[in-house]
Each structure stands twice: as C-alpha cells, then as structure tokens.
2 protein chains.
Amino acid sequence: MRKAKVRINDENLQVSAEILRALAHPLRMKILEFIDKHKTINVNKIYNTLKLEQSITSQHLRILRLADIVQTSREGKFIHYNINYPKVAHVVKAVDSFLEEDK
Amino acid sequence: MRKAKVRINDENLQVSAEILRALAHPLRMKILEFIDKHKTINVNKIYNTLKLEQSITSQHLRILRLADIVQTSREGKFIHYNINYPKVAHVVKAVDSFLEEDK
DNA sequence: CTAAAATATGTAAATAAAACGATGTAACAA
DNA sequence: TTGTTACATCGTTTTATTTACATATTTTAG
C-alpha cells in the first residue's frame with residue numbers, strides 16, 4: 001500500500017519538533033498514560049497516585065496543554081484533564097508519513 | 001477495529017522518551033528527511049546541501065545514531081547514512097498504542 | 001611517507017529545560 | 001468573612017542540550 005508522502009518545510013519542522021518535545025519526557029509520558037487510562041482525571045489524583053510533586057505535575061501538564069496534547073475542563077475546584085486524541089493521532093501520523101520507506 | 005493496548009513500565013517510558021527526544025529537533029528532522037529522500041547519502045552531501053556546519057551535522061547524526069534511528073556504512077572515505085525504518089516504525093507504533101482511545 | 005578529504009570527537013560557552021520551593025488565584029465550605 | 005482545597009504560576013537553582021570551534025581519526029591520492 002502506497003502512502004502519501006508529506007514534504008515538510010521549516011515551519012512544519014519547528015512545530016512537529018515542538019510537539020515531539022512535549023511528548024519526549026518520561027514523566028509526561030507517564031502522566032499521559034495515566035490520564036489515558038482514566039479517560040478524564042483531576043490533577044490531585046494524578047500527582048497523588050503517581051507520587052509526584054504538585055507543582056512539578058502542574059508544570060508538566062502545562063507543557064502538554066500548550067502542545068495541545070491534553071485538554072481541560074473545570075468542575076468546581078477540580079480541573080479535569082483528558083487527552084486530545086485527534087492531536088495525538090495527528091502527531092503519530094505525521095512522524096509516520098514524514099519518514100516513510102514506501103515512496 | 002480494537003487495538004491492543006500496551007501498558008508501559010518505567011523503563012519503557014525512559015527508552016521511548018529517549019527516542020522521541022532524538023527525533024524532537026528541527027535540524028535532526030530536516031536531516032532525517034533529507035536522508036530519507038535519498039535513501040542513502042554521505043555526510044558531505046547532507047551539510048553542503050542543507051547549508052549546515054560540518055561538526056554540527058556530525059553531532060546531530062551522532063545523536064540519531066545513538067538512538068538507532070539511522071545506520072551507517074563506510075565506503076572508502078565516505079560514510080553513508082540511511083534510516084533504520086523498522087526502528088522508526090516501532091517508535092510510531094509505540095506512541096500510537098501507548099495513547100489509544102479505543103480500549 | 002606526506003598531504004588532503006571526509007568524518008568524528010573534545011570541550012567551552014550559550015541556551016533551554018527541569019526541579020524546587022514559595023506565592024497566587026479560584027472555588028467552595030464553615 | 002475566613003479558612004481550606006485544588007490548581008497554576010513565579011523566581012531561582014540545577015541539570016541537560018545545543019552550538020561553535022579546534023583537534024583527532026581514517027582513508028585515499030600523490
């Protein structure tokens with residue numbers, strides 16, 4: 001099956017690299033997996049369960065938010081995090097088609 | 001289509017993050033794309049065509065080599081770089097299944 | 001053997017990211 | 001109100017990455 005090949009310009013490279021950077025941290029991946037596992041979950045649960053510092057957790061969540069990898073919704077005092085699956089799928093697809101043996 | 005869900009341990013997280021980090025740099029992505037485009041190519045062609053410094057190019061290639069994203073073969077004075085597609089595919093698949101909506 | 005070409009590596013300086021602790025803000029409960 | 005909980009952000013220190021330049025290594029040509 002022949003796949004479409006995406007030719008990438010410098011701006012795209014910058015953006016793609018930024019998103020990959022956001023993913024490329026063990027703690028962030030762990031947090032993401034945790035959110036994923038629960039579909040939606042608040043910050044307290046994340047850092048208590050994973051035994052992380054509150055501020056560190058918030059900072060990593062911020063990076064994920066800025067990269068648009070997660071989304072939030074407030075419910076009273078709580079802020080629920082959930083994964084932006086379309087975005088993740090997009091990233092995966094981008095890396096996939098960016099380097100593709102079958103031209 | 002239901003996909004297999006990979007539960008990931010700390011070591012896997014570390015390894016995945018390392019590979020993603022190697023990918024997550026605009027210049028490295030540019031170099032990778034260039035290698036990809038040519039299937040196999042030497043360092044000279046890379047830095048001359050992309051207008052990069054020789055040592056910087058070598059240093060980024062080193063990072064890609066250590067992450068096992070590219071492979072090399074020597075032919076006389078020249079060292080040919082080519083992409084380790086199975087590895088890239090593996091990374092893509094890992095990210096893909098790591099965060100997967102369909103459980 | 002010596003010189004030059006192709007590539008890699010060492011290292012210092014610059015820059016960026018991470019961690020840490022403290023403070024800020026919003027929502028709610030008393 | 002005031003206090004407390006949930007979360008975010010700020011300022012600083014620590015650590016990692018990137019760049020830049022010089023030097024080293026390997027191979028080949030002369």
Side-chain angles (χ1 to χ4, degrees), chain A residues 10 13-35 38 40-84, chain B residues 10 13-35 38 40-84:
Chain A
D10 279 17
L13 283 178
Q14 196 61 49
V15 172
S16 304
E18 270 166 29
I19 295 167
L20 287 176
R21 274 205 127 87
L23 287 175
H25 189 286
L27 222 52
R28 286 196 289 272
M29 294 187 75
K30 195 169 192 168
I31 290 170
L32 275 176
E33 196 207 10
F34 190 72
I35 297 172
H38 294 270
T40 179
I41 193 149
N42 64 62
V43 181
N44 228 300
K45 281 269 170 58
I46 296 172
Y47 72 80
N48 275 314
T49 310
L50 300 181
K51 312 263 183 250
L52 307 173
E53 290 252 342
Q54 180 269 321
S55 83
I56 291 182
T57 306
S58 255
Q59 281 172 147
H60 283 299
L61 286 172
R62 181 172 198 270
I63 290 168
L64 293 172
R65 244 189 298 123
L66 292 177
D68 201 26
I69 293 167
V70 295
Q71 293 167 329
T72 60
S73 58
R74 181 181 274 274
E75 194 193 324
K77 284 190 295 188
F78 298 91
I79 296 193
H80 297 284
Y81 275 78
N82 61 282
I83 292 181
N84 184 352
Chain B
D10 279 17
L13 283 179
Q14 195 62 49
V15 173
S16 305
E18 269 165 30
I19 296 166
L20 286 175
R21 240 169 41 219
L23 288 174
H25 189 283
L27 222 51
R28 287 196 288 275
M29 293 186 76
K30 194 168 193 167
I31 291 170
L32 274 176
E33 196 206 11
F34 190 72
I35 298 172
H38 294 270
T40 179
I41 194 149
N42 65 60
V43 182
N44 229 299
K45 280 269 171 57
I46 296 172
Y47 73 78
N48 275 314
T49 310
L50 301 181
K51 313 263 184 251
L52 306 174
E53 291 253 342
Q54 179 269 321
S55 83
I56 291 184
T57 307
S58 254
Q59 283 172 135
H60 284 298
L61 286 172
R62 181 171 198 271
I63 290 168
L64 293 173
R65 246 189 296 121
L66 293 178
D68 201 26
I69 292 168
V70 295
Q71 293 167 330
T72 60
S73 59
R74 180 181 275 273
E75 196 192 323
K77 285 190 293 189
F78 298 91
I79 297 195
H80 296 285
Y81 274 78
N82 61 280
I83 292 180
N84 184 354

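Residue numbers begin at 1 in each chain, while the letters A, B, ... track the order of the sequences.
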Roughly how many Å is it from [atom1] in [X] to [atom2] in [N], rounded to a whole number?
X	N	atom1	atom2	value
B:Ile63	D:dA16	CD1	C1'	11 Å
A:Leu61	C:dA18	CG	C1'	15 Å
A:Ile41	D:dC7	CD1	P	10 Å
B:Leu20	C:dA17	CG	P	16 Å
A:Lys77	D:dA6	NZ	C1'	7 Å
A:His25	D:dT15	NE2	P	14 Å
A:Lys51	C:dA19	NZ	P	18 Å
B:Tyr47	D:dC21	OH	C1'	15 Å

Phosphate contact ([N] OP1 or OP2) by [X] side-chain N/O below 4.0 Å:
X	N	result
B:Arg65	C:dT9	yes
B:Asn42	C:dA6	no
B:Arg21	D:dT18	no
B:Arg74	D:dT26	no
A:His60	C:dA19	yes
B:Arg62	C:dT7	no

Between [X] (side chain only) and [Y] (backbone N and O only), is there a donor and an acceptor less than 3.5 Å apart?
X	Y	result
B:Asn84	B:Asp68	yes
A:Arg74	A:Ile79	no
A:Arg65	A:Thr72	no
A:Arg21	B:Leu23	no
B:His25	B:Leu27	yes

Closest approach to the side chain of [X], judged atom by atom: which nucleotide of [options] is it?
X	options	value
A:Asn44	C:dC20, D:dC21, D:dA6	D:dA6
A:Ile56	C:dC28, C:dA19, C:dT7	C:dA19
B:Ile79	C:dG10, D:dT28, C:dA8	C:dA8

Any donor-acceptor pair under 3.5 Å between the side chain of B:Gln54 and the base of C:dA6? no
Looking at C:dA18, does its base get a donor-acceptor pair with the side chain of A:Glu53 below 3.5 Å? no
Whichever of A:Gln59 and A:Glu75 has the more 5' nearest nucleotide on DNA chain C, that residue is A:Gln59
With sugar-phosphate meaning primed atoms plus P, OP1 and OP2, does A:Ser55 contact a base, only sugar-phosphate, or nothing at under 4.0 Å between heavy atoms? base
Contact class for B:Tyr81 (heavy atom, under 4.0 Å): base, sugar-phosphate, or nothing? sugar-phosphate
When rounded to the nearest 0.5 angstrom, what distance separates CD1 in A:Ile63 from CD1 in A:Ile69? 10.0 Å
